[in-house]
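Below is one structure, written out as structure tokens, with a few remarks after it.
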Amino acid sequence: MPLTTLITQGAFDQLRVHLQAALNVELSREEIIIHCARYVGFLKAVQAMGIAEEIFEDSEKTKNK
């Protein structure tokens with residue numbers, strides 16, 4: 001999954017696009033975070049959480065319009 005590759009490489013700008021794409025194919029927040037934590041390690045997954053939360057919040061706002 002590209003998300004784990006982007007996180008391990010620190011490509012956080014590109015991570016935003018791929019997180020949105022994961023949500024667009026209906027992966028849940030939990031599926032995304034668990035997958036990332038499993039493959040990149042908990043600490044790197046936590047580092048990416050700030051970006052993920054922004055994307056998740058934006059996605060919820062868009063859904064509720």
Side-chain angles (χ1 to χ4, degrees):
M1 181 179 242
L3 294 175
T4 56
T5 302
L6 294 170
I7 293 169
T8 59
Q9 293 179 356
F12 296 112
D13 289 336
Q14 295 174 8
L15 180 62
R16 293 176 186 279
V17 174
H18 288 273
L19 281 169
Q20 187 59 55
L23 291 173
N24 288 344
V25 296
E26 298 186 5
L27 286 175
S28 71
R29 294 177 179 199
E30 293 79 15
E31 289 170 319
I32 293 168
I33 299 306
I34 290 169
H35 176 82
C36 291
R38 180 181 303 147
Y39 292 103
V40 302
F42 183 74
L43 294 177
K44 287 193 183 238
V46 168
Q47 185 178 4
M49 279 298 294
I51 294 168
E53 275 303 313
E54 290 175 20
I55 299 300
F56 296 156
E57 288 174 10
D58 290 346
S59 177
E60 285 298 315
K61 288 177 186 174
T62 302
K63 280 184 184 178
N64 293 330
K65 285 186 177 181

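For residues 8-19, every residue pair satisfying the side chain to side chain donor-acceptor pair (under 3.5 Å) rule, not counting sequence neighbours, is listed here: Arg16-Glu54. Sorted by first and then second residue, the salt bridge (charged side-chain N to carboxylate O under 4.0 Å, His left out) pairs involving residues 30-43 (not counting sequence neighbours) form an empty list. For residues 17-28, there are no salt bridge (charged side-chain N to carboxylate O under 4.0 Å, His left out) pairs, not counting sequence neighbours. Among residues at least two apart or in separate chains, there is no salt bridge (charged side-chain N to carboxylate O under 4.0 Å, His left out) pair with a member in residues 39-52.
Looking at residues two or more places apart in sequence or on another chain, you find a side chain to side chain contact (heavy atoms under 4.5 Å, CB included) between Ile33 and Met49, Ala52, Phe56. Residues satisfying the ring-ring contact (aromatic ring centres under 6.0 Å, His included) test with Phe12, not counting sequence neighbours, are none. Residues passing the side chain to side chain donor-acceptor pair (under 3.5 Å) test with Glu53: none are found, sequence neighbours excluded.
Under the 4.5 Å side-chain contact rule for hydrophobic residues, Ile51 and Ile32 share a cluster. No single ILVMFWY cluster, assembled from side-chain heavy atoms under 4.5 Å apart, contains both Val17 and Val25.
No option in Asn24, Asn64, Leu23 other than Leu23 meets the side-chain contact (heavy atoms from CB on, under 4.5 Å) test with Ser59.
Contact record, Glu60 with Arg29: CG-NH2, 3.4 Å, taken as the closest heavy-atom pair. The two residues Cys36 and Ile7 come nearest to each other via the heavy atoms SG-CD1, 3.6 Å.
For the atom pair CG of Leu6 and CG of Leu19, the computed distance is 8.5 Å after rounding to the nearest 0.5 Å.
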